[in-house]
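A short write-up of the structure that comes next.
From a predicted model like this one, the values you see are computed outputs, not experimental measurements. Just so it is clear: chains get the letters A, B, ... in the order the sequence lines come, proteins before strands, and each one is counted from 1.
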Amino acid sequence: MYGFAGKILRVDLSKRTLREEPLDAAVARTYVGGRGLGARIMFEELAPGIDPLGPDNNVIFATGPVTGTAIPGNTRFIVLGKSPLTGLFGESNCSGSFGRELKKAGYDAVVVGGKAETPAYLWINDGRAEIRDAGHLWGKTTGETDDALKQEVGDKRAWVACIGPAGERLVKYAAILSDKHKAAGRTGLGAVMGAKNLKAVVARGTGEVPVAQPEKVKGLARWMNRDRHANPGAQQLATYGTSGGIPGLQAQGILPTKNFQSGVFAGAEKISGQALARTILTGTIRCEGCPIPHHRQVDLKDSPYGPIDGRYGGAEYETVAAFGSLCLIDDLVAINAANQLCNAYGIDTISAGVVVAWAMECYEKGILSAKDLGGVAARWGDGRAVLALLEQIGRREGGGDLLAEGVRAAAQRVGQGSAEFAMHVRGLELALHDPRGKKGLTLIYTAASPRGACHTEAAHDTSFERPNAVPEAGIVAPLDRLAVEGKGELMRKACDLHTALNSLSLCQQVIEPAMGRFTLSTVVEIVAAITGWEDLTAAEVLAMGERANNLARAWNVREGSDRRDDVLPARFREGLPEGGSAGETVSLEDQDRLLDDFYAACGWTEDGVPSEQKLQALDLGYVAEALRASGALAAG
Amino acid sequence: MPVRVRLTLLGAARDLAGDAPSEIELAPGATVAAALQALGGRYGAAWGRAVYDADGRIATEVAILVNNRNIFLADGLETGLADGDALAILPVVSGG
């Protein structure tokens with residue numbers, strides 16, 4: 001089977017057993033990898049209502065057919081499981097070479113269930129796997145763990161995916177870190193590892209991923225590298241990283257500021273990628289086979305906040321905005337110190353920034369005092385306060401025990417109206433993008449995302465303000481970023497496309513059909529050359545994404561989630577006060593219109609449940625049966 | 001009467017035009033295409049690499065706005081420019 005290792009590794013930590021199972025060729029073509037494959041395993045194996053932090057949950061590491069090939073953007077792996085933060089579908093997407101090593105070691109996916117009696121790690125080495133003791137690593141940072149494990153397995157080329165103290169302490173938005181600076185951050189799957197006493201998975205593989213047309217794959221890779229170099233967007237990304245977009249967001253008045261109270265930040269220029277490049281940037285990092293070194297590196301032997309270790313990378317856009325404009329901090333050194341702390345503890349920087357901004361607003365309003373926050377006066381713009389709160393969160397000390405539960409749970413506990421400005425959807429803290437200035441983002445954060453408010457479910461509205469953005473997907477007419485009309489249909493297509501990339505494990509930064517010259521036809525050509533699926537069409541690629549999205553949605557429906565959860569925080573009903581999107585809101589009427597249109601475009605019921613007909617059309621009859629059994633779909 | 005247009009350049013265009021004036025002057029009846037041509041004349045071949053893709057189209061990572069609205073929602077490169085209009089050339093961002 002070309003493009004696949006052909007095996008899944010099953011690990012039961014309770015019984016300390018490991019077994020291999022073959023990846024069926026039909027399953028591979030239907031579910032592919034990433035979200036598709038992971039959602040299928042979750043739907044079939046995770047019973048409704050299980051405790052996300054109990055032994056019945058799985059943590060799944062899934063690759064895709066592109067992982068480990070020569071194609072730029074081949075390094076992605078996807079982590080899945082029931083989220084302890086949302087209680088719903090959990091998933092996070094990570095780069096680095098861990099996924100490549102896993103696949104070259106002989107596995108398309110690893111499914112870890114049960115709970116180890118004592119701390120353990122999993123060592124996967126060229127087709128052999130074993131569970132090893134990790135008692136000596138418990139309590140260590142991700143950096144210490146990464147270094148120790150590479151030394152312990154005796155191979156510096158081994159890649160580690162591990163948790164830090166935050167995952168061990170079950171911080172609900174704990175991340176899984178790979179190579180110290182690449183994070184599977186969203187939805188708290190680091191806490192799932194912590195609950196299983198699983199400190200790390202270490203992979204090393206020397207095999208080759210078999211591809212159907214090796215010369216064609218090499219040729220495509222060469223062309224993509226050349227083309228990206230000639231592209232102004234790629235040059236900007238390489239020079240300034242993702243935070244090079246900050247001046248543009250500021251100009252359009254959609255840079256999330258002061259816990260989403262504004263879209264304009266007076267310190268925007270100071271925290272931009274351009275300012276970083278002029279000041280404290282010490283290096284850039286590229287993934288294996290990628291032409292774009294967009295990962296930042298900041299290494300400071302000394303700073304007002306202590307040394308910053310470049311091995312923890314450097315803050316990228318989401319992190320810069322989360323600890324910068326959202327908290328009114330215009331100090332890149334403080335922001336990068338926060339980035340280091342989160343990576344060392346293993347904390348999602350997006351969730352952490354939103355939680356800290358909420359705490360700052362609570363402090364300003366007198367809802368939380370310094371005493372409530374472990375002695376921290378959480379004033380807007382105070383970098384030291386941010387760092388102190390992050391330390392508390394990572395250790396669950398002081399106010400950190402409250403904040404470690406996530407913004408939804410913290411606001412429920414604190415009350416006093418603080419839920420009104422707790423910025424989350426379904427319990428997942430918002431990414432750093434404002435739907436008031438990009439109305440389709442409302443759907444990316446709600447109905448289209450099985451995870452909650454993550455920004456990576458599709459390209460955003462601004463990518464579709466041009467004609468023929470993705471003609472093969474029927475995205476032809478330009479749509480205004482501020483328009484509501486037409487966004488349901490657009491976002492269904494855009495989300496199916498992105499999820500197809502996720503399942504194929506193609507990096508969105510490299511292959512972005514709505515933003516670059518690599519079209520959906522390019523994706524078809526790449527995948528066909530890798531897998532040998534010579535009859536592959538654009539429609540089938542889109543159906544891969546659509547199937548995975550319906551499966552993930554159905555998984556949430558079976559857990560009791562539906563339209564009632566597809567709602568933005570109340571703050572977005574207030575108009576942006578200034579800037580290029582001044583006065584813009586997302587009213588409840590707008591939200592209803594967007595949801596109605598999106599559900600109709602998806603073939604879902606008005607409650608947001610995938611319909612019998614849609615599920616049957618996607619070969620998901622067993623899912624329809626399960627939804628009927630749960631009462632979410634009408635019988636018969 | 002020449003048309004005076006306020007100019008905001010960000011991203012690759014800004015790198016190129018670090019000393020960009022905040023205003024450019026164009027002939028009456030000018031369009032976005034004329035403004036781009038004028039800027040291209042000022043900055044030479046590098047301007048092309050900052051704004052266009054390898055096929056000579058506006059690169060998909062670049063947004064051109066007139067009065068904060070993407071030109072492709074109006075008449076594209078033929079969108080007219082009036083005295084006092086704001087022309088912005090920005091990178092398109094979806095996060096990361």
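- Applying the salt bridge (Lys or Arg N to Asp or Glu O under 4.0 Å) test to pairs two or more places apart or on separate chains, none has a residue in residues 235-251 of chain A.
- Distance check, rounded to the nearest 0.5 Å: CG of B/D15 to CD of A/Q274 gives 7.0 Å.
- Closest of all the heavy-atom pairs between A/A251 and B/L10 is CB-CD1, 4.0 Å.
- For A/F260, the ring pair (Phe, Tyr, Trp, His ring centres under 6.0 Å) partners are A/F572, not counting sequence neighbours.
- One distance of note links CZ of B/R57 with CG of A/N468; it measures 9.0 Å at 0.5 Å rounding.
- Using a 4.5 Å cut-off between heavy atoms, A/Q236 contacts chain B through its side chain alone, with no backbone atom that close.
- In this structure, B/R69 places its CZ atom where more than 12 heavy-atom neighbours from other residues, nucleotides or ligands lie under 6.0 Å away.
- Only the backbone of A/L479 comes within contact range of chain B, judged by heavy atoms closer than 4.5 Å.
- Judged as a side chain to side chain donor-acceptor pair (under 3.5 Å), not a single pair has a partner in residues 245-256 of chain A (not counting sequence neighbours).
- Of residues 72-89 of chain B, those residues with a non-hydrogen atom less than 4.5 Å from any non-hydrogen atom of chain A are, in numerical order, B/F72, B/L73.
- Of the listed residues (B/V62, B/V51, B/N68), the one with the most heavy-atom contacts under 4.5 Å to chain A is B/N68.
- Most heavy-atom pairs under 4.5 Å with chain A, from the set B/P91, B/A50, B/A12, B/A63: that is B/A12.
- The heavy-atom pair separating B/I58 from A/R466 by the smallest distance is O-NH2, 3.3 Å.
- For a residue to count as touching a neighbouring chain, one of its non-hydrogen atoms must lie under 4.5 Å from one of that chain's; by this rule B/L65 touches chain A with the side chain only.
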